[in-house]
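For reference, the structure discussed in these notes is given below.
For reference, positions follow the sequence shown, starting with 1. Fair warning: this is a prediction, and the values are worked out from it, not measured in the lab.
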Amino acid sequence: MNGPVRVVLVEDNAVYRSSLELLLGMQAGIEIVGVAETAHAAGTVVAETRPDVVVTDFRLPDSDGVATTQALLSSPAKPTVICLTAEASPAEGEAVIAAGAAALVEKGVPILELASVIRSVAR
């Protein structure tokens, strides 16, 4: 891949979303190209920005990780999807991977680890 990994963040918690945007944006090889707070808004942002990777919360006000992943992967942009979770059950984790997500990552992981996952799935 030439240039930075283009990332869209989808998270309904404004403080967490802003923190991710700031911290991931400081990582080498990652460029935050858009943010959204709902799955519906994510569809619009992804269509406009055509990111390489979408990092999305597993639980959004208007969708869950499985439905969000399926919608993103069926969009013309076809980004790679990483789901973030604080509380997904093992069955939910398996379902989101079966739906096509490249990874399921705990929200508490260090930012360097999340950046590493983003870079690795973008290759």
Side-chain angles (χ1 to χ4, degrees):
M1 164 170 280
N2 295 334
V5 178
R6 296 169 41 81
V7 177
V8 165
L9 301 173
V10 185
E11 168 63 54
D12 59 318
N13 180 304
V15 172
Y16 188 69
R17 185 178 62 246
S18 294
S19 298
L20 277 181
E21 184 177 12
L22 174 68
L23 295 172
L24 284 173
M26 295 169 59
Q27 302 304 307
I30 294 177
E31 177 185 5
I32 307 301
V33 296
V35 296
E37 61 184 60
T38 65
H40 178 74
T44 302
V45 173
V46 165
E48 291 171 354
T49 61
R50 302 190 68 79
D52 303 306
V53 176
V54 175
V55 178
T56 182
D57 189 4
F58 186 86
R59 298 194 198 289
L60 294 166
D62 61 342
S63 187
D64 66 21
V66 173
T68 302
T69 296
Q70 291 170 333
L72 291 168
L73 293 177
S74 68
S75 74
K78 294 193 183 338
T80 298
V81 177
I82 296 171
C83 277
L84 290 176
T85 183
E87 59 186 36
S89 71
E92 289 171 321
E94 291 171 14
V96 79
I97 296 299
L104 178 67
V105 178
E106 290 290 325
K107 282 190 171 181
V109 301
I111 202 70
L112 293 177
E113 186 175 329
L114 178 57
S116 177
V117 172
I118 290 169
R119 288 187 206 98
S120 70
V121 301
R123 291 190 184 117

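When hydrophobic clusters are built by joining Ile, Leu, Val, Met, Phe, Trp and Tyr residues whose side-chain heavy atoms come closer than 4.5 Å, directly or via intermediates, Val7 is not grouped with Val46. One hydrophobic cluster, built from ILVMFWY side chains closer than 4.5 Å, cannot hold both Val66 and Val53; they sit in different ones. In this structure, Val105 is not a member of the same hydrophobic cluster as Phe58, with clusters built from ILVMFWY side-chain heavy atoms closer than 4.5 Å. There is a path of hydrophobic side-chain contacts, each under 4.5 Å, that joins Tyr16 to Val55. The hydrophobic cluster containing Ile32 also contains Val109, counting ILVMFWY residues as joined when their side-chain heavy atoms lie under 4.5 angstrom apart, directly or transitively.
Here the shortest heavy-atom pairing between Ile111 and Leu23 reads CG1-CB, 3.7 Å. Here the closest heavy-atom approach between residue His40 and residue Asp62 is recorded as N-OD2, 3.0 Å. In terms of heavy atoms, Leu60 sits closest to Ala39 at CD1-N, 3.7 Å. Gly34 and Val45 get closest at one heavy-atom pair: CA-CG1, 3.9 Å. Of all non-hydrogen atoms in Thr69 and Val81, the two that sit nearest each other are OG1-CG1, 3.6 Å. Residues Ala99 and Leu73 approach most closely at O-CD1, 3.5 Å, considering heavy atoms.
Between Gln27 and Leu112, the closest side-chain pair of non-hydrogen atoms falls below 4.5 Å. With contacts defined as side-chain heavy-atom distances shorter than 4.5 Å, the pair Val33/Val8 qualifies. At a threshold of 4.5 Å between non-hydrogen side-chain atoms, the residues Leu20 and Leu114 count as touching.
Looking at Ser75, its side chain does come within 3.5 Å of a backbone N or O of Leu72 through a donor-acceptor pair.
Partners of Lys107 under the salt bridge (Lys or Arg N to Asp or Glu O under 4.0 Å) rule, at least two apart in sequence or in another chain, are Glu11, Asp57. For the side chain to side chain contact (heavy atoms under 4.5 Å, CB included) test, no residue two or more places apart in sequence or in another chain qualifies with Ser74. Residues meeting the salt bridge (Lys or Arg N to Asp or Glu O under 4.0 Å) test with Arg119, sequence neighbours left out: none. Checked against side chain to side chain contact (heavy atoms under 4.5 Å, CB included), Ala41 has the following partners two or more places apart in sequence or in another chain: Ala36, Thr38.
Within the model, atoms OG1 of Thr56 and CG of Leu84 stand 7.5 Å from one another, a figure rounded to the nearest 0.5 Å. Atom CD1 of Ile97 and atom CG of Leu104 lie 5.5 Å apart (nearest 0.5 Å). In this structure, Met26 CE and Glu21 CD are separated by 12.5 Å, a value rounded to the nearest 0.5 Å. Here the CG atom belonging to Leu9 is positioned 6.0 Å from the CG atom belonging to Leu24, to the nearest 0.5 angstrom. Distance check: Ser63 OG to Asp12 CG gives 11.5 Å after rounding to the nearest 0.5 Å.
Residue pairs meeting the salt bridge (Lys or Arg N to Asp or Glu O under 4.0 Å) criterion with at least one partner in residues 91-102, sequence neighbours excluded, are Arg59-Glu92. Sorted by first then second residue, the salt bridge (Lys or Arg N to Asp or Glu O under 4.0 Å) pairs that include residues 29-47, not counting sequence neighbours, are Arg17-Glu37.
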